[in-house]
Amino acid sequence: MKYLSTFFLLAMGSVLMVWGCKSAARQDELQLSAAFIDEQLDEAIAQMAVLADGVPAERMPRTFQGDTSVTSDTKWWTSGFYPGSLLYLYEHSGDERLLLLAKDKLRILEKEKYNKGTHDLGFMLYCSFGNALRLTRDTAAYNEVLLTGAKSLISRYNPTVKAIRSWEGWTYPVIIDNMMNLELLTQASELSGDRQYRDIAITHANTTMKNHYRPDYSSYHVIDYNPKDGSIVGKKTAQGAYDESAWARGQAWGLYGYTMMYRETGEPTYLDFANNIAAFILDHPNMPEDLIPYWDFNAPDLPDDSPYASRYKTNRDASTASILASALLELHTYTQGEISARYLDAAEKMLKSLSAAPYKAEQGTNGGFILKHSVGSIPHDSEIDVPLTYADYYYIEALIRYKRLLEGKPLFD
Ligand code: GLY
């Protein structure tokens, strides 16, 4: 028994060493310089100052349309991205004013921990309070918020469907975006020692893997279930061009979500799945040269009778590129050889494209948002070709991740 446990410890030691190597930076492969990354982050801080001026104390920035700042209340799904962006920029600069500004927004956001009417609590609370906890280690201030939020999120879980409900209406809709809310749950188990959050996250991810994906590893946007027996009522889209199309941001949420679930669980099935999603995205014949995807991968091929064919065949979505860049940087650290180099190369190209015209705004313009040319929802005629707070958040996150790679640090402490 004693020998067995010594063997076990040695084996675990080598697994951890391999893990350490996998997630450590391979700096000689990095093509973007520290000066380039620092310049983008410093300019992001300058833009944030312009943005901050236009946001009332009790509101969150959302977009900038027709020369007007559009803000939201804290119930809106994007409310965590602004404090999250401020916190990443505090991490970059050490400037305490950014931390104070973020804390002001956390104060108005905290009440959403009781909100059981949305599945978006991971976006809202983990991008914000999760980063605050990571950077300040103030467990007394932030643990309870994350745990109460996680409890609210799992109130939307149905064990027959084996998934968390996304929206009201429909029958029991689950959208691919919901993969992004699972990190709040895996982390709630870390914080509390209570496995139920993590178990629900894993079950939800497995159900999504089974039902949301087509054989080519593209994802439907919405799977509508019958909550009585878990059967599928419909495979639909809400924000894509048509039910069978590949809505671009949905593909990015899936890639990020399964990469994150591999990090959180070490389950190789999620890594394989993320690799397959990445292949769908990067090999897609409609992926443009600059790697900033169309709002829907099928948009350029829309038939003439599509309601979007006359106006929306060519819109790009910078938010998709930001999410993809961040996810691909992480996936690069879990893979080796050519495939890993491909992910790094693609993320670098995306960051370079986003950091220049026409995507990056001139300083002082764009209402203080960093990026232009994102798409909220074309079918809803909402937020088309505008800046979006989440495009900026994931762009900043990707830059911070790249900076960590340059410094030889693992992406996650
Ligand atoms: N979660 C909503 C969206 O991606 O637009």
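Positions are given from 1, in the same order as the sequence printed here. All ligand and atom numbering here is 1-based and tracks the order in the structure.
Between the side chain of Q31 and the backbone N or O of E348 there is no donor-acceptor pair closer than 3.5 Å. No donor-acceptor pair closer than 3.5 Å links the side chain of T160 to the backbone N or O of G230.
Summary of contacts: the protein heavy atom closest to atom 5 (O) of ligand 1 is R249 NH2, 2.6 Å.
Residues meeting the side chain to side chain donor-acceptor pair (under 3.5 Å) test with D95, sequence neighbours left out: R97.
Each ring pair (Phe, Tyr, Trp, His ring centres under 6.0 Å) pair with one or both residues in residues 64-86, not counting sequence neighbours, appears once here: W77-F81, W77-F123, W77-Y390, F81-F123, F81-Y390, F81-Y393, F81-Y394.
Set against the non-hydrogen atoms of Q239, the atoms of ligand 1 under 4.0 Å away are 3 (C), 5 (O).
For D177, a nitrogen or oxygen atom sits less than 3.5 Å from a nitrogen or oxygen atom of ligand 1, counting backbone and side chain alike. In terms of polar-atom proximity, defined here as any N/O pair under 3.5 Å, W77 makes no such contact with ligand 1.
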